[in-house]
**Q** 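Pasting a structure here, questions to come.
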Amino acid sequence: TLPALVGKVFCFFTVANSGESYTRLMQNKDTLWCGGSDDDGAMKIDNVLLKPHPTQVLTVLQMLGYGGKPGQLERQLMQIRTGEGKSLVLGACSVVLGLLGFRVRCVCY
C-alpha cells in the first residue's frame, strides 16, 4: 500500500540521516527510553534520530493522491513555508514515484 511504501522511504531517511547517532543507539539499546523526562542519563530516542515531521508525511501522502479518487492521480498544489521541509517532501515524493516505476526528474532550489 502507499502508506507502507512512504513509511519505508521515511524509515530509510531516518536511518541514513541519523548517521553515528543511529549506530550509537543500536549499540546502547539497553539505555534507550521514550519517556518525557530525564531518566538516569538514558538516551532519549527523540534526541537521537532525525525523523520527518508528521505534516511532511501527510503532505507526501496527499501529493501522491492517498485518500482521493482511487486509481487517479490529480494535480496537487501545496504551500510549504520556509524551513518546513520542502526538499524532504519533494525528495520523498520523487523516491516513491521512482519506486512505483515512473520516470522522475526532480529539481529543488
Side-chain angles (χ1 to χ4, degrees):
T1 65
L2 183 62
L5 181 59
V6 170
K8 290 174 183 176
V9 167
F10 279 122
C11 181
F12 178 80
F13 163 82
T14 296
V15 172
N17 287 307
S18 295
E20 289 299 316
S21 296
Y22 180 76
T23 304
R24 282 194 314 271
L25 178 67
M26 291 297 102
Q27 292 171 348
N28 300 311
K29 290 181 201 174
D30 55 329
T31 62
L32 178 65
W33 67 288
C34 298
S37 61
D38 291 337
D39 186 39
D40 298 330
M43 296 173 65
K44 187 170 185 223
I45 195 167
D46 291 338
N47 296 337
V48 176
L49 299 178
L50 181 62
K51 300 178 293 188
H53 297 288
T55 304
Q56 293 168 326
V57 177
L58 292 172
T59 301
V60 170
L61 289 171
Q62 178 68 37
M63 286 183 69
L64 294 172
Y66 186 73
K69 297 176 185 173
Q72 185 176 357
L73 185 60
E74 297 182 5
R75 295 181 189 134
Q76 298 289 333
L77 177 64
M78 300 283 174
Q79 180 177 355
I80 304 172
R81 293 191 287 191
T82 302
E84 291 185 349
K86 289 182 282 297
S87 299
L88 178 64
V89 169
L90 182 60
C93 285
S94 298
V95 169
V96 169
L97 289 171
L99 289 171
L100 292 173
F102 290 92
R103 182 177 176 192
V104 177
R105 292 182 181 165
C106 180
V107 178
C108 184
Y109 122 58

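Residues take their numbers from the sequence shown, with the count starting at 1.
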**Q** Please identify each residue that fulfils salt bridge (charged side-chain N to carboxylate O under 4.0 Å, His left out) with R105, with sequence neighbours left out.
**A**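 If we apply the salt bridge (charged side-chain N to carboxylate O under 4.0 Å, His left out) test to R105, skipping adjacent residues, there are no hits.
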**Q** Just list the side-chain donor-acceptor pairs under 3.5 Å for residues 89-103, sequence neighbours left out, or say none.
**A**
residue : atom : partner : partner atom : Å
S94     : OG   : L90     : O            : 2.9

**Q** State plainly whether one hydrophobic cluster holds both L64 and L58, where clusters connect Ile, Leu, Val, Met, Phe, Trp and Tyr through side-chain heavy atoms under 4.5 angstrom apart.
**A** no
**Q** Hey, can you pull the donor-acceptor pairs under 3.5 Å for the side chains in residues 6-15, sequence neighbours left out?
**A**
residue : atom : partner : partner atom : Å
T14     : OG1  : F10     : O            : 3.0
T14     : OG1  : L50     : O            : 3.4

**Q** Rounded to the nearest 0.5 Å, what separates atom NZ in K51 from atom CD in Q56?
**A**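 Spacing of NZ (K51) from CD (Q56) equals 12.5 Å.
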**Q** Grab the two heavy atoms, one from P3 and one from L61, that are nearest each other, plus how far apart they are.
**A**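 Answer, listing the atom of P3 first, then L61: CA-CD2, 4.0 Å.
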